[in-house]
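In this text, all values refer to a predicted model and were calculated from it rather than measured experimentally. Just so you know, residue 1 is the first one in the sequence shown, and it goes up from there.
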Amino acid sequence: DGDTSCKRYNLADDNPTPRSEVMKFGHELLDDSNLLPSETPQPSSRRRPSEREKRRKTDKKRVENKRMKESLLPEGLLYPTYREGLKAVLDINKEKWR
């Protein structure tokens, strides 16, 4: 079972969370760091959202990462949840984004 060349893996962190919560957390990180634009640009046209866009707002999918961690990352994830991961992305890029 050590051969991972032909297997598929769902990739996920240890905290399955609705997309809206992840986006809210990211927004709060940027806001706390004064990295949000002062004005949000308005779209030039009001188009209808696609079916995919509608689904992305309401999907409640959860992905288990047990097999991924056992086979590919036995030492565990560097950033166990989206919170640690997004904080690390911000820390690495904060000066560049100012």
Side-chain angles (χ1 to χ4, degrees):
D1 193 45
D3 180 20
T4 59
S5 61
C6 295
K7 293 183 181 179
R8 291 189 178 112
Y9 291 86
N10 289 318
L11 303 180
D13 67 14
D14 291 338
N15 186 21
T17 305
R19 180 186 312 266
S20 61
E21 286 183 39
V22 175
M23 299 300 280
K24 181 180 177 191
F25 181 76
H27 185 275
E28 289 169 357
L29 281 178
L30 292 172
D31 191 30
D32 291 347
S33 298
N34 296 315
L35 290 170
L36 286 178
S38 56
E39 292 184 29
T40 305
Q42 297 297 318
S44 58
S45 65
R46 300 272 183 207
R47 66 173 180 78
R48 289 184 176 199
S50 69
E51 289 302 314
R52 182 176 182 206
E53 290 169 325
K54 289 178 192 175
R55 277 195 316 273
R56 290 181 106 184
K57 290 184 178 185
T58 59
D59 275 352
K60 297 191 185 318
K61 297 176 185 175
R62 297 290 187 268
V63 176
E64 184 178 358
N65 64 7
K66 180 181 175 183
R67 187 174 73 143
M68 173 196 75
K69 287 171 54 178
E70 287 174 352
S71 298
L72 302 176
L73 301 164
E75 292 84 31
L77 296 168
L78 182 58
Y79 306 109
T81 73
Y82 71 92
R83 290 177 179 274
E84 291 92 354
L86 288 178
K87 285 177 184 176
V89 169
L90 179 62
D91 289 343
I92 291 167
N93 293 287
K94 194 180 294 187
E95 292 308 313
K96 183 171 39 174
W97 293 345
R98 288 198 186 275

What are the two closest non-hydrogen atoms of [X] and [Y], and how far apart are they?
| X | Y | result |
| --- | --- | --- |
| W97 | L35 | O-CD2, 3.7 Å |
| M68 | Y9 | CA-CD2, 3.7 Å |
| S33 | L90 | OG-CD2, 3.3 Å |
| P16 | V63 | CG-O, 4.3 Å |

Exercise for the section: Please identify each residue that fulfils side chain to side chain donor-acceptor pair (under 3.5 Å) with D13, with sequence neighbours left out. Expected result: none
Practice task
Report the C-alpha separation of V89 and L29 in whole Å, then their side-chain angles, then the decisive distance to 0.1 Å, and conclude whether the side-chain contact (heavy atoms from CB on, under 4.5 Å) test is met.
Solution key: CA-CA 11 Å; V89 169; L29 281 178; over 6 Å; no
Exercise for the section: Using a cut-off of 6.0 Å, state whether more than 12 heavy atoms not belonging to R48 lie near its atom CZ. Expected result: no
Exercise for the section: In sequence, state the C-alpha distance, the side-chain angles, and the governing distance for L73 and N65, and then conclude on side-chain contact (heavy atoms from CB on, under 4.5 Å). Expected result: CA-CA 10 Å; L73 301 164; N65 64 7; over 6 Å; no
Problem - Min side-chain heavy-atom separation T17-T81 under 4.5 Å - result: no
Please report the interatomic distance [atom1]([X]) to [atom2]([Y]), rounded to the nearest 0.5 Å.
| X | Y | atom1 | atom2 | answer |
| --- | --- | --- | --- | --- |
| H27 | L86 | NE2 | CG | 13.5 Å |
| D14 | E64 | CG | CD | 10.5 Å |
| N34 | R98 | CG | CZ | 6.5 Å |

Exercise for the section: Identify whether V22 and L30 are in the same connected component of the hydrophobic contact network (ILVMFWY, side-chain heavy atoms under 4.5 Å). Expected result: yes
